[in-house]
Amino acid sequence: MRLPCLTWSRPIAPSWRISTLIFLLDTTQIGESHAPFTRAFTRLVGLAFPDQELVLRARASHLQVAFAQPDPVLTRRLSLEPIAEDAPTSIAASISLLLDVRRRAGRGCHLVIFLTGRPADIWAAKLMRRVDPGLRCHLVMHGDVNSITKPRSRHPLRRLGDYRGSIGYARHPDVRLIALEAHVRASIEAVLPAAAGQIDVLPHPCVPTDAPWHLRQRPGAPLRFGLIGIAGRSKGLDVFARVARRVVDAVGAAVDFRVVGKFQPGWQALDLEAISGPRPFAETWLPAEVFEREVAALDYIILPYDMRYYAFAASGVMLDVLRTRTPVICFHNPAIADVAARHGDIGHVCADEDEIVAVVMSLVTAVDPSRYRAQQMNLDAAYRDRLPDALATAYHDLVQGLWEVEPLAPAGR
């Protein structure tokens, strides 16, 4: 079977070899951070190009968490190559990784994906593309790109090295960004018009799971509401704490509020007494088994996000919402709106904090089991649309359209 050749704007010399490797790189994430995304996106790439071998280079602690369980799709095709835990995140470090890619890929075309694309990685890819005509690079954007809305340094080199500088200057058609939601691309382009035409959209993939969501026919008692993930003001921890205080004061033991994740610094300044657990609260991740048990026990997930941050970020909590099929209570959120537009009612969208309190109080009084079940079924449909298996064709076609990949159907097409 022919292997996909990633071509570019000028013909490839006949003497060039075609690389059989796709390289995935991450110099940023440590341990549990973004581990589900790393696993899901790697699986997606493996499904999109079933005849290519994959090389994933990242910190050892991150690889250990992301691939604690083997993935049968990637068996014998994925090489996990740890980099030092204290590896730098500089342009020089990323160029060093890309030089190794070129050495191993030979003179043929090769696809490189930075799973966390930082300014240093963007610049490294642009600089390497000047000397490596076979390089095709995708860089996945995460929430820290929201820094484009903040004041910039006056130092010219620091300005060049921030997101505005790295995205806006020295554009190259073979160095492209990936936004994990359509609204993230729109937000970046609205602030930084120079980004237009450089950003591709691929929905945030879910990790396949066998969560027994169908066994929860209707919410139990007490009704349990949760805030998931890294708990800080950008996730609305302050809003969640105030809602919990008001509702618990009104109905007492009929309701249970939980923070399932880890706290960002500054949480001690908030009144968290109405949040029952799991305790003790800490700035470290819960053990995986505790996290899974807690999430599975929630009846609703509350998403009171600060959209000044999440306009530029895909929420990893959305993956927990989808994989557990747990209805949401949230402020207006473009990602939620998109899922609801595609699949129907998945929860309650509120205009402000008072409306969240009113919704929670009404649910404590009476939950409509038929609506709850319909919300679960809609979330199940959305979950299936976000599986790597479902998104693999979209990514294959995206790469093919950008770089004239020779036709090669993904597995299952």
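The first residue in the sequence is number 1, and the count goes up from there.
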**Report entry** Donor-acceptor contact present, side-chain R118 to main-chain T28, <3.5 Å
**Finding:** no
Report task. Give the minimum heavy-atom separation between P36 and E32, together with the two atoms involved. Result -> CD-O, 4.1 Å
Query - Shortest non-hydrogen separation from V248 to A274 and the atoms involved - result: CG2-O, 3.8 Å
Query raised in the report: Should R386 and E181 count as an ion pair when the cut-off is N to O under 4.0 Å?
Result: yes
Requested in this report: Ignoring hydrogens and angles, tell me if any N or O in the side chain of S96 forms a donor-acceptor pair with the backbone of A92 under 3.5 Å.
Outcome: no
**Report entry** Pair D71-L78, side-chain contact (heavy atoms from CB on, under 4.5 Å): steps then yes or no
**Finding:** CA-CA 9 Å; D71 186 330; L78 173 63; over 6 Å; no
Query raised in the report: Using 30° and 60° as the class limits, which term best fits the ring planes of Y300 and F225: parallel, tilted or perpendicular?
Result: parallel
**Report entry** Spatial distance of atom SG (C137) from atom CH2 (W403) [nearest 0.5 Å]
**Finding:** 7.5 Å
Query - Check: R176 side chain, G197 main-chain N or O, donor-acceptor pair, under 3.5 Å - result: yes
Query raised in the report: Applying the side-chain contact (heavy atoms from CB on, under 4.5 Å) test to S94, which of I122, L127, D121 qualifies?
Result: D121
Query raised in the report: What heavy-atom pair brings R39 and Q69 nearest, and what distance separates the two atoms?
Result: NH1-O, 2.6 Å
Query raised in the report: Would you call F41 and D26 a side-chain contact if the rule is heavy atoms closer than 4.5 Å?
Result: no
Requested in this report: Please step through side-chain contact (heavy atoms from CB on, under 4.5 Å) for the pair W267 and E283, ending with a clear verdict.
Outcome: CA-CA 9 Å; W267 60 272; E283 295 178 19; 3.2 Å; yes
Query raised in the report: With distance as the sole test, does E353 use its side chain to make a donor-acceptor pair with the main-chain N or O of V243 at under 3.5 Å?
Result: no
Query raised in the report: Okay, side chain of T326, backbone of L322: is any donor-acceptor separation there less than 3.5 Å?
Result: no
Query raised in the report: So how far is it from H348 NE2 to I302 CD1, rounded to the nearest 0.5 Å?
Result: 10.5 Å
Requested in this report: Using a cut-off of 6.0 Å, state whether more than 12 heavy atoms not belonging to R154 lie near its atom CZ.
Outcome: no
Query raised in the report: Do the side chains of I30 and H62 get nearer than 4.5 Å, heavy atoms only?
Result: no
Requested in this report: Report the residues that fulfil salt bridge (Lys or Arg N to Asp or Glu O under 4.0 Å) with D385, sequence neighbours left out, ordered by chain and then residue number.
Outcome: none
Query raised in the report: Pairs in or reaching into residues 330-339: which pass side-chain hydrogen bond (donor to acceptor under 3.5 Å, both in side chains), with residues at least two apart or in two chains?
Result: D338-R342
Query raised in the report: Do the side chain of S33 and the main chain of Q29 share a donor and acceptor less than 3.5 angstrom apart?
Result: no
Query raised in the report: Are any side-chain N or O atoms of N378 and backbone N or O atoms of D345, one a donor and one an acceptor, separated by less than 3.5 Å?
Result: yes
Report task. Using a cut-off of 6.0 Å, state whether more than 12 heavy atoms not belonging to Y169 lie near its atom OH. Result -> no
Report task. May I ask you to decide if the ring planes of H142 and F37 are parallel, tilted or perpendicular, using 30° and 60° as cut-offs? Result -> perpendicular
Query raised in the report: Out of curiosity, M128 CE to I91 CD1, how far, rounded to the nearest 0.5 Å?
Result: 13.5 Å
**Report entry** Salt bridge present between D162 and R158 (N-O < 4.0 angstrom)
**Finding:** no
Requested in this report: Would you indicate whether the side-chain heavy atoms of F291 and I228 approach each other to under 4.5 Å?
Outcome: yes
Query raised in the report: With a 4.5 Å limit on heavy-atom distance, are the side chains of L303 and F331 in contact?
Result: no
Query raised in the report: Any donor and acceptor pair, going by atom type alone, linking the side chain of R104 with main-chain N or O of L21 inside 3.5 Å?
Result: no
Query - Flag, side chain of R43 to backbone of P388, donor-acceptor distance under 3.5 Å - result: no
Query - Q376 CD to Y383 OH distance, which is reported to the nearest 0.5 Å - result: 14.5 Å
Query raised in the report: So do the side chains of D299 and L363 get within less than 4.5 Å of each other, counting heavy atoms only?
Result: no
Query raised in the report: Partners of D256 by salt bridge (Lys or Arg N to Asp or Glu O under 4.0 Å), sequence neighbours excluded?
Result: R224, R258
Query raised in the report: Are the side chains of L177 and I167 in touch, meaning some heavy atoms are under 4.5 Å apart?
Result: yes
Query raised in the report: Do L227 and P304 have side-chain heavy atoms sitting under 4.5 Å apart?
Result: yes
**Report entry** Pair S79-E53, side-chain donor/acceptor within less than 3.5 Å
**Finding:** no
**Report entry** Closest non-hydrogen atom pair, A93 against P88
**Finding:** CB-O, 3.6 Å
Report task. Can you measure from CD1 (I230) to NZ (K262) and round to the nearest 0.5 angstrom? Result -> 5.0 Å
Requested in this report: For the residue pair R246 and I356, establish whether any side-chain heavy-atom pair is separated by less than 4.5 Å.
Outcome: no
Query - Counterpart residues, salt bridge (Lys or Arg N to Asp or Glu O under 4.0 Å), relative to R233 (two or more places apart) - result: D238
Report task. Report the C-alpha separation of L97 and F23 in whole Å, then their side-chain angles, then the decisive distance to 0.1 Å, and conclude whether the side-chain contact (heavy atoms from CB on, under 4.5 Å) test is met. Result -> CA-CA 10 Å; L97 290 174; F23 295 85; over 6 Å; no
Query - Heavy-atom closest contact (S166 atom, Y163 atom, distance) - result: OG-O, 3.3 Å
Report summary line: Note: L379 and P327 closest approach over all heavy atoms is CD1-N, 3.6 Å
Report summary line: Applying side chain to side chain contact (heavy atoms under 4.5 Å, CB included) to L319 and not counting sequence neighbours gives H204, C206
Query - Separation between NE2 of H138 and CG of L398, rounded to the nearest 0.5 Å - result: 5.0 Å
Report task. Check the pair T324, L298 against side-chain contact (heavy atoms from CB on, under 4.5 Å), reporting the backbone distance first and the verdict last. Result -> CA-CA 9 Å; T324 60; L298 296 175; over 6 Å; no
Query - Sequence-distant partners of E292, salt bridge (Lys or Arg N to Asp or Glu O under 4.0 Å), two or more places apart - result: R323
